[in-house]
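Atoms within each ligand, like the ligands themselves, are counted from 1 in listed order.
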Amino acid sequence: MEETKITLTEKEIPTHWYNIQADMPNLPKPPLNPATGQPVAPDDLKPIFPMGLIMQDVSLERWIEIPDEVREIYRLWRPAPLYRARRLEKELDTPARIFYKYEGVSPAGSHKLNTAVAQAYYNKKEGIKRLTTETGAGQWGTALSQACNFFDLECVVYMVKVSYQQKPYRRSIMEIFGAKVFASPSENTNIGRKILAEMPETPGSLGLAISEAIEEAAGREDTNYSLGSVLNHVVLHQTVVGLETKEQMARAGYYPDVVIGCVGGGSNFSGFAFPFAHDKITQGTSVRLVAVEPTACPTLTRGLHTYDFGDVAGYTPLLYMYTLGSSFIPPGIHAGGLRYHGDAPLLCQLVADEIIEARALHQKEIFQGAILFARSEGIVPAPEAAHAIRWAIMEAEQAKQEGKAKTILFNLSGHGLLDLSAYDNYLSGKLIDYPLPEDELQKALAKLPSL
Ligand SMILES: *Cc1c(COP(=O)(O)O)cnc(C)c1O
């Protein structure tokens with residue numbers, strides 16, 4: 001009998017992360033120092049990041065060892081299970097095989113703890129006492145507050161104001177783990193005060209919360225900043241997801257025809273898909289890799305591939321990525337973790353080089369898919385992850401039309417048990433779609449930094 005739940009033992013937690021920079025046909029253009037227009041030197045980043053992470057960002061080594069202290073904490077929930085979605089297959093009456101990796105088993109409820117633990121470890125090792133960060137939907141703040149708690153670090157979280165107001169239980173979790181949580185924009189920082197003076201009613205944005213967290217970290221010796229997505233080291237840490245999945249698929253006896261993930265800043269998708277991109281790049285495997293984003297924040301499908309800041313204030317280096325413009329404030333859609341104007345430079349380069357495909361979906365259709373999935377498989381998915389589910393369902397429906405038994409694999413990046421107000425809105429018919437109007441996009445792109 002073929003298994004429904006494909007598990008690995010703790011001994012099989014990967015010992016190394018996979019660094020796709022060793023295999024990419026083209027590396028993205030380097031981050032630039034906005035003051036000089038020159039590539040950022042590792043030392044420029046020392047005020048906010050530990051050297052251990054800075055060196056991972058620029059490493060060209062294919063395999064980077066996972067420290068024992070990090071693997072020890074990974075053992076709390078890793079290896080994460082891979083499931084064959086048999087009941088969903090039956091519901092869709094499809095000849096396709098559907099598999100999903102489930103990252104919702106982590107204590108944080110999402111993949112984000114994979115990098116939070118690693119980042120807390122390297123900061124602790126270099127004598128840092130406090131970490132600042134931003135959080136949108138609250139998932140990243142939750143993961144980092146847990147990781148800081150494990151390594152005995154203080155954690156300060158700037159939470160996008162609209163989420164702070166709409167998701168009080170997210171704040172409760174962070175406080176359980178000892179974090180200090182502020183609604184952003186806040187009165188704590190120069191940029192926060194400036195924005196509050198200009199736009200007192202603003203719902204806030206991830207780009208703005210990042211500015212506040214960086215400003216605080218840059219101003220204190222004992223404090224560093226931690227980012228939950230986008231950067232090369234974050235993507236690297238998430239490859240533990242794809243590496244486990246590859247082994248589990250091999251045990252199941254199938255290789256995927258299509259690998260699907262949702263994209264906010266690109267970390268869960270990249271961590272899941274890059275080990276398969278390795279096969280595609282180095283062995284010419286024909287696997288399709290599909291990155292799915294919301295039409296309300298269509299960075300990969302409608303953004304420009306160019307240099308932009310990662311935040312609103314312009315404190316970050318200029319990153320070469322697809323962007324909607326760092327001044328873009330996305331509408332308050334319910335997949336809060338996908339509301340970011342840019343994406344991981346490594347992912348963007350692979351999209352530009354056509355190794356990865358990008359697609360966008362509306363929020364109502366993704367909730368429809370999420371409900372179908374929940375009723376078949378019994379898991380309430382995070383609205384972010386529901387983008388991957390919806391695309392997987394569409395692939396399975398197409399397989400049915402074509403009468404093809406293809407193998408579909410997606411990443412279920414987290415559970416949605418703290419997103420029930422979004423489901424409530426959907427079920428009561430209150431949810432609306434917000435495809436980004438072209439004139440709004442052009443307005444934000446017109447404000448891109450000139451080089
Ligand atoms: C944050 C989050 C995302 C989006 O972030 P990425 O960096 O693109 O992975 C997706 N799914 C869940 C469950 C999240 O919490």
Side-chain angles (χ1 to χ4, degrees), residues 80 100-116 119 133-146 157 159-160 163 167 170 173-174 206 209-210 226-242 260-274 290-294 296-300 310 319 321-322 330 333-348 351 356 358 360-361 363 366 370 373 379-391 410-419 422:
Y100 63 94
K101 176 74 164 174
Y102 187 38
E103 287 293 313
V105 295
S106 94
S110 77
H111 66 286
K112 289 199 171 78
L113 199 55
N114 298 323
T115 184
Q119 293 190 43
T133 196
E134 72 294 332
T135 196
Q139 296 269 21
W140 170 242
T142 302
L144 193 70
S145 60
Q146 292 179 334
V157 181
M159 185 171 187
V160 177
S163 298
K167 303 187 171 181
R170 289 277 182 198
I173 299 186
M174 293 185 262
L206 214 46
I210 293 175
S226 176
L227 185 62
S229 188
V230 178
L231 301 177
N232 297 359
H233 64 256
V234 181
V235 166
L236 174 80
H237 302 151
Q238 294 297 351
T239 59
V240 68
V241 178
I260 304 161
C262 67
V263 175
S267 73
N268 89 85
F269 175 83
S270 300
F272 184 58
F274 283 5
V290 185
V292 189
E293 62 186 11
C297 192
T299 313
L300 293 172
L319 298 174
M321 60 183 175
Y322 284 97
I333 55 165
H334 284 284
L338 305 186
R339 294 172 69 235
Y340 183 64
H341 67 274
D343 275 325
L346 294 175
L347 168 61
C348 293
V351 169
I356 289 168
L361 293 174
Q363 72 169 355
I366 75 104
F373 178 83
I379 296 173
V380 178
E384 292 86 357
H387 288 69
I389 293 174
R390 179 70 199 190
W391 195 268
F410 71 88
N411 191 30
L412 186 53
S413 50
H415 69 65
L417 292 177
L418 287 169
D419 298 292

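Annotation for Leu319 and Pro345: closest pair CB-CG, 4.3 Å, computed over non-hydrogen atoms. Asn411 and Asn268 make their closest contact through ND2-OD1, 3.0 Å (heavy atoms, listed as atom of the first residue, atom of the second, distance). What you find for Glu293 and Pro298 is that their closest heavy atoms are OE2-C, 3.0 Å. Heavy-atom minimum distance, Val157 versus Gly141: CG1-CA, 4.2 Å.
Remark: minimum distance from atom 3 (C) of ligand 1 to any protein heavy atom is reached at Lys112 NZ, 3.5 Å. The protein heavy atom nearest to atom 4 (C) of ligand 1 is Gly337 O, 3.4 Å. Looking only at protein heavy atoms, the nearest one to atom 12 (C) of ligand 1 is Ser413 OG, 3.4 Å. Counting protein heavy atoms only, atom 8 (O) of ligand 1 is closest to Gly264 N, 2.7 Å.
Not one N or O of Gly414 is nearer than 3.5 Å to an N or O of ligand 1, by distance alone. Where the criterion is an N or O separation shorter than 3.5 Å, residue side chain and backbone included, Asn268 meets it with respect to ligand 1. At a 3.5 angstrom cut-off on N or O pairs, Gly266 counts as close to ligand 1. Polar contact with ligand 1: absent for Val263 (N/O pair, distance under 3.5 Å).
In this comparison of Glu384, Gln139, Glu293, the heavy atom closest to atom 10 (C) of ligand 1 sits on Glu384.
When side chains are defined from C-beta on, Arg170 counts as touching Gln139, because their heavy atoms get closer than 4.5 Å. Between Leu113 and Pro107 the shortest side-chain heavy-atom distance falls below 4.5 Å.
Contact atoms of ligand 1 toward Ala382: 13 (C) (distance under 4.0 Å to a heavy atom of the residue). Which parts of ligand 1 touch Ser229 is read off a 4.0 Å heavy-atom cut-off, strictly below it: atoms 6 (P), 7 (O). Of all the atoms in ligand 1, the ones that sit under 4.0 Å from a non-hydrogen atom of Cys262 are 10 (C), 11 (N). Annotation for ligand 1: atoms under 4.0 Å from non-hydrogen atoms of His111 are 2 (C), 3 (C), 9 (O), 10 (C), 11 (N), 12 (C), 14 (C).
The aromatic rings of His237 and His233 sit tilted relative to each other, their planes meeting at an angle between 30° and 60°. Between Tyr100 and Phe373, the angle of the ring planes goes over 60°, which puts this pair in the perpendicular group of the 30/60° scheme.
With a heavy-atom cut-off of 4.0 Å, Leu338 touches ligand 1 through its side chain alone.
Aromatic pair Phe274/Phe269: centroids not less than 6.0 angstrom apart.
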